[in-house]
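Encoded as structure tokens, the structure appears first; notes follow it.
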2 protein chains.
Amino acid sequence: MATVTIKDVAREAGVSVASVSRALNSGGGVTAETAQRIRDVATRLSYVPHAAARSLITRRTHTIGALLPDLHGEFFSELIRGIDQAARARGLHLLVSSSHDGAADAATALRAMQGRVDGMLILSNHVDAAFLRSNLPASVPAVLLNSAVKSKSYAVLNVDNYGGAYAMVRHLLQAGHSGVTFIAGPADNFDAQQRELGYRAAMAKYAPHAPLDVVAGDFNEEAGYRAGHQLLARKPRPQAVFAANDMMAVGCLYAFKEAGVDVPGDIALAGFDDIPIARYVTPPLSTVRVRIADLGRSALEQLAALLEDSKHATPSSHTLACEIVARATCGGDRQAAPHEHAPKNAVSTSGNRSSGTGGKA
Amino acid sequence: MATVTIKDVAREAGVSVASVSRALNSGGGVTAETAQRIRDVATRLSYVPHAAARSLITRRTHTIGALLPDLHGEFFSELIRGIDQAARARGLHLLVSSSHDGAADAATALRAMQGRVDGMLILSNHVDAAFLRSNLPASVPAVLLNSAVKSKSYAVLNVDNYGGAYAMVRHLLQAGHSGVTFIAGPADNFDAQQRELGYRAAMAKYAPHAPLDVVAGDFNEEAGYRAGHQLLARKPRPQAVFAANDMMAVGCLYAFKEAGVDVPGDIALAGFDDIPIARYVTPPLSTVRVRIADLGRSALEQLAALLEDSKHATPSSHTLACEIVARATCGGDRQAAPHEHAPKNAVSTSGNRSSGTGGKA
DNA sequence: ACGCTTTATGAAAACGATTACGTTGTCGCC
DNA sequence: GGCGACAACGTAATCGTTTTCATAAAGCGT
């Protein structure tokens, strides 16, 4: 059961190793029948080329690396799913390194991937241009996800946080609310910043006389809960609240429920991300949906394009659209959908196909 | 900016490549000062050994592969998190291939990993002993997760589905319900089978005169919803319902709410998995928690042990305990916890740390 | 001083593939 | 019939490491 090498195949087929290589890879330079015979022998011996040996000479690993922060839940799964599917379709392998906290951590991981990958997918908010310059050799192409980096050396793929927030604020205002309060995310988070910008722009456009109203938050449920209580203490209570992400919106919702405030009757509420929980809280949360699997997929495809002709492939910047999902909490003229069982819209984002511990049937 | 090899380091340091290799790896066989000089030169040139070349000769890739089915949501993330953290701690890389549906698909993926990994972590319900024999060379050690396979060739690591279900049924019965109805999972799913067995055993033990009552399900919300309606149509309604997973319990809960049936007043309800949604439905769902990150972690550690001495490391079977989480839906003598914000128990399973699209702050 | 063990070091052989370059043989064409 | 082109195939170099083996220097006991 010793590993069978190309030599064994060659000997068995009565040819040289060169011919075996040609028959199995390029196809040219060998007669059709010799090629067939070689292939037969190869399968009979169940020969599988040694990946390391091959990539030593071809300088290709057919592997792409994904550097991800300490992500949780649906976001992580969907992202990987998108990446993995696209990668498999292209015959690429996926080397994952997740759960990074801090730049030093990410740098180590990035360096550890040196030479093991042909390209990188990077999602991290402590990654900037300087970081990349010193930790990523120029020779390995990379696609940055949701990054503020603007460089023509790297391709960047962002979710349209700005547009999504803008659209949601417009939606709330057009539903009749005269103002919108925004619960912000972490100050150093790129997504959070963009969402706030979208909020400000939409307010300026559709409610130019209403005051801008931003309270601090950090993307956690607890922060939303505190913000909710805080807002209820105001003399004229806000009419509508837009949280920078769903978890804060959920926290806020519980604060409102606890105080006996009706949503959306007394206050309208909306979040951002469309995490699965959003559909299950009572009442169901209006939010902005992000097609995360698509994000992963297109990131990989962009990287693959860069890999194919690293010469004249210009690393470009793209943005992925969001869509607003009007459920119960935003009030207004929504349709009276009771509860979405087995959601009809076949978006990959909303994955309540989740099974037990062991996977699908 | 051409890649710097060991030769460059050797020339620059005025030694042979052998010494460089020794200085950087074993440490023995070189003077302390030469070793230091070599290390200095190496860092100065920012030399990083070519992984392929190295593993060509050492026959080690320092990479482990993870073969996963088409998982969604929290389960997937937590599993990978656990694996990844443990892997990093051991200096191992993680090659992921997920989203497999069907045995053929899994076989292809498994074969594609040939030679790229030192060991495999496998979670898939269409993987059995025969499958492994024909698709996995005996030389590569593997750990099977949640698998029915009983073989001394492979290590198996299971969640204690049986024990968890048993404990939950006992809990329900001891809370005063005279019987429990079970909503089963897919017939061919190993977890589902074990959970049903646990249900049956607990019933036999603690309610020997109550009839066993199992209705079909498939782990999806929709099935739980249908089962819920179906159960309400019974003449004496069931007193307590235990669903084989949380998604079905949630579907069932919505069916009850729709019919105006009070939970837990009229009917008690419980699920399995403790998915994040469980905490957010109204009322919060009682369930059985599975420490998924721990599952991944110990799987990797077991594999690492196998890797270190493949000789006399006996691939053993282990089981990971569950814990029951009594929230509102199961009635009984639970404490009146209003809502768990920022959960105190620092379990890695309940990850509402989830952020926006861009990761943590 | 002299042999003998220890130790640092270098030269060279692996590892398993791809591929540039020869070599042969066959065919076509003048 | 000879000459050149081309196709099929083999030989050997190559990729960047690790590791065995040889060699030289140095320490050490007598």
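Both backbone and side-chain heavy atoms feed into the values below; hydrogens, waters and symmetry mates do not. Protein chains get the first letters and strands the later ones, always in sequence-line order, with residue 1 at the start of each.
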Next item on the list: Sequence neighbours left out, what passes side chain to side chain contact (heavy atoms under 4.5 Å, CB included) with B/T63? Give chain and number order.
Entry: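 Residues passing side chain to side chain contact (heavy atoms under 4.5 Å, CB included) with B/T63: A/L95, A/R116, B/T61, B/H93, B/L95, B/V117.
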Next item on the list: Using a strict 4.0 Å threshold on nitrogen-to-oxygen distance, state whether B/E301 and B/R90 make a salt bridge.
Entry: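 Judged by the 4.0 Å cut-off on N to carboxylate O distance, B/E301 and B/R90 do form a salt bridge.
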Margin query: Once you apply a heavy-atom cut-off of 4.0 Å, does A/G115 come out as touching a base, just sugar-phosphate, or nothing?
Written below: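 Result for A/G115 = nothing.
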Next item on the list: Scan A/T34 against the nucleic acid and name what it touches under 4.0 Å (heavy atoms): base, sugar-phosphate only, or nothing.
Entry: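 If one applies the 4.0 Å heavy-atom cut-off, A/T34 turns out to touch the sugar-phosphate alone, with no base involved.
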Notebook entry, point to check: Sequence neighbours excluded, which residues qualify as side-chain hydrogen bond (donor to acceptor under 3.5 Å, both in side chains) partners of B/T5?
Noted result: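 Counting only residues at least two positions away or on another chain, B/T5 forms no side-chain hydrogen bond (donor to acceptor under 3.5 Å, both in side chains).
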Next item on the list: Please find the earliest and latest nucleotides of DNA chain D, in the 5' to 3' direction, that have an atom within less than 4.0 Å of any heavy atom of chain B.
Entry: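 The protein-touched segment is D/dG16 to D/dT20.
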Checklist line | B/I122 vs B/Y154 side-chain heavy atoms within contact, under 4.5 Å | finding: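 No, their side chains stay 4.5 Å or more apart.
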Margin query: A side-chain contact here means heavy atoms from C-beta on lying under 4.5 Å apart; do A/M113 and A/S97 qualify?
Written below: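 Of all side-chain heavy-atom pairs linking A/S97 with A/M113, at least one is under 4.5 Å.
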Side chain of [X], backbone of [Y]: donor and acceptor closer than 3.5 Å?
X: B/R88; Y: A/S98; result: yes
X: A/D84; Y: A/I80; result: no
X: B/S134; Y: B/F131; result: yes
X: B/N146; Y: B/N158; result: no

Item checked: Inter-end axis angle, the helix from C/dA1-D/dT30 to C/dC30-D/dG1, with every axis fitted to five base pairs (rounded, 10 degrees) ->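 The end-segment axes of the helix from C/dA1-D/dT30 to C/dC30-D/dG1 are tilted 50° relative to each other.
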Checklist line | Contact pattern, 5' to 3', of nucleotides 14-20 of chain C - B, S or - by protein heavy atom under 4.0 Å | finding: BBBSBBB
Margin query: Show every salt bridge (charged side-chain N to carboxylate O under 4.0 Å, His left out) that has at least one partner inside residues 25-44 of chain B, sequence neighbours left out.
Written below: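 Qualifying pairs, neighbours excluded: B/E12-B/R44.
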